[in-house]
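Everything numeric in this text was worked out from a predicted model, so none of it was measured. Just so it is clear: chains get the letters A, B, ... in the order the sequence lines come, proteins before strands, and each one is counted from 1.
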Protein chains: 2
Amino acid sequence: MPRRVDHEERRTDIAEALLRVAARRGLHAVGMRDVAAEAGVSLRLVQYYFETKEKLLLYGLRHLAGRFGERVTARIRAAGDDPGPRAMIEAMLGAALPTDEESRTFHLVYTSYAVLSVTDRALAAQPFVKEPDAAEQALVALLRQAEEGGLLRPGVDAEVEAVSLLALSAGLGSSVLVGQRAPEAAAGVLDHHLDRLFR
Amino acid sequence: MPRRVDHEERRTDIAEALLRVAARRGLHAVGMRDVAAEAGVSLRLVQYYFETKEKLLLYGLRHLAGRFGERVTARIRAAGDDPGPRAMIEAMLGAALPTDEESRTFHLVYTSYAVLSVTDRALAAQPFVKEPDAAEQALVALLRQAEEGGLLRPGVDAEVEAVSLLALSAGLGSSVLVGQRAPEAAAGVLDHHLDRLFR
DNA sequence: AACATCGTGATACGTTCGTACCATAAAGAG
DNA sequence: CTCTTTATGGTACGAACGTATCACGATGTT
């Protein structure tokens, strides 16, 4: 049976199984055996490719972040070539809203991880803790660029508004996730604020 | 030894021990034995006052929500008698920001619970899921009241802004919690938006 | 052809967790 | 002064979980 196999592909398969289980039952409730069953492999295999649960977790998180990045760039590309700053901002913020199954999973698992990182310093030390920071800097740059192009209303503070938009979309995303609000309503609120910033 | 004892007081003690452990090690990691040790009682006692872990959890969550309510009203009272709508809104939103140990605990545990409720319908069915809804309605009412009093800038949509302020403070709170931002910076951003709404 | 390595399965071990059970001392009721 | 109820301690049980161990067939190398 054992042919030579692509380890990276295998790891990806297992990581996606992990994410599916996490989306269904919650990140706290996923065990090695669940992941193995979901991936259709034996427990031993999961152990073989990821020696420990923590490594599996971290790989899964990285994979999730990667998929989210692809999602954002896909959305930007879908906005045509050389889209304006507003379209790019809309692509970024819109990708983070839990609209379909994938973005719901992203939001849920990422929030779970963020909560865990507060009390677990091994997780907090991980590189993707600072991913929100990167998003913030990108947003500031986009707003500044729009400002220089005369696209913004006068008196807009790029830094404050970047922070606000990010916090807003995170908060709106959570309210959608728990079923308090429809995705469309959340998108509408975001749009309202972009209208407020842009001419 | 066994004198007649106030059960409600006992339950409160144990619930606060639960919250302390949850703040320190994360809600997912709290066990009955941890709570018992933290409260300085035997495991059996925790079982005696709360028959099951789920009941303990729910009681703890209710207790947390109650303490938060007291915190808000205390802040409102501290703003003088008959404070204006803006002061009341500031009191509400400011209480939710993780500034001291108690509000950090509140934010962390409440977020943990929200995450859990996405994948656990027993939790999702609980009454305090709709607490954000109540806060939203209160905010809308305050903004409408301010509008009628001519305190708002023209063209402000009370409903949209109420949703925005709530989502904003939730998002800002989380970023403070994970150490991305200082509490003062978050408060500053909130203030900036209140300045935007009020004359 | 012989052999070391890789991929995979089955299963066992030690721990932790929630819960259940048994015992018993103190306190109020009659 | 008995007797039932209340409050509390100690401990045991069964399940689940992460991890480790043993075994073995297939593959590539020399």
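Residue R11(B) contributes atom CZ, which lies 15 Å from atom C1' of dT8(D) at whole-angstrom precision. D6(B) places its CG atom 12 Å from the P atom of dT8(D), with the value rounded to the nearest Å. The nearest whole Å value for the distance from the CG atom in L56(A) to the P atom in dC17(D) is 14 Å.
One finds the CD atom of E136(B) at 6.5 Å from the CG atom of L166(B) (value rounded to the nearest 0.5 Å).
End-to-end axis angle of the helix from dA1(C)-dT30(D) to dG30(C)-dC1(D), using five pairs per end and rounding to 10°, comes to 10°.
The side chain of R10(A) contributes an N or O atom lying less than 4.0 Å from OP1 or OP2 of dT8(C). At dA7(D), one or more side-chain N or O atoms of H7(B) fall inside 4.0 Å of OP1 or OP2 (strictly under the cut-off).
No donor-acceptor pair closer than 3.5 Å links the side chain of R10(A) to the backbone N or O of V46(A). Remark: the backbone N or O of S117(B) is not paired with any side-chain donor or acceptor of D120(B) at under 3.5 angstrom. The backbone N or O of M92(B) sits nowhere less than 3.5 Å from a side-chain atom of R75(B) that would complete a donor-acceptor pair.
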Applying salt bridge (charged side-chain N to carboxylate O under 4.0 Å, His left out), run through R86(B) and E90(B) and close with a yes or a no.
CA-CA 6 Å; R86(B) 170 158 182 171; E90(B) 271 176 352; 3.3 Å; yes
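Of the residues in residues 30-55 of chain A, V30(A), G31(A), M32(A), R33(A), L43(A), R44(A), Q47(A), T52(A), K53(A) come within less than 4.0 Å of DNA chain D through at least one heavy atom, sorted by number.
Taking the six-membered ring for Trp and the full ring otherwise, F128(B) and Y113(B) have centroids separated by under 6.0 Å.
Here the options are H193(B), H192(B), R196(B), the test is side-chain hydrogen bond (donor to acceptor under 3.5 Å, both in side chains), and the partner is S164(A); only H193(B) passes.
Counting non-hydrogen atoms of neighbouring residues, nucleotides and ligands closer than 6.0 angstrom, the CZ atom of R121(A) reaches no more than 12 such neighbours.
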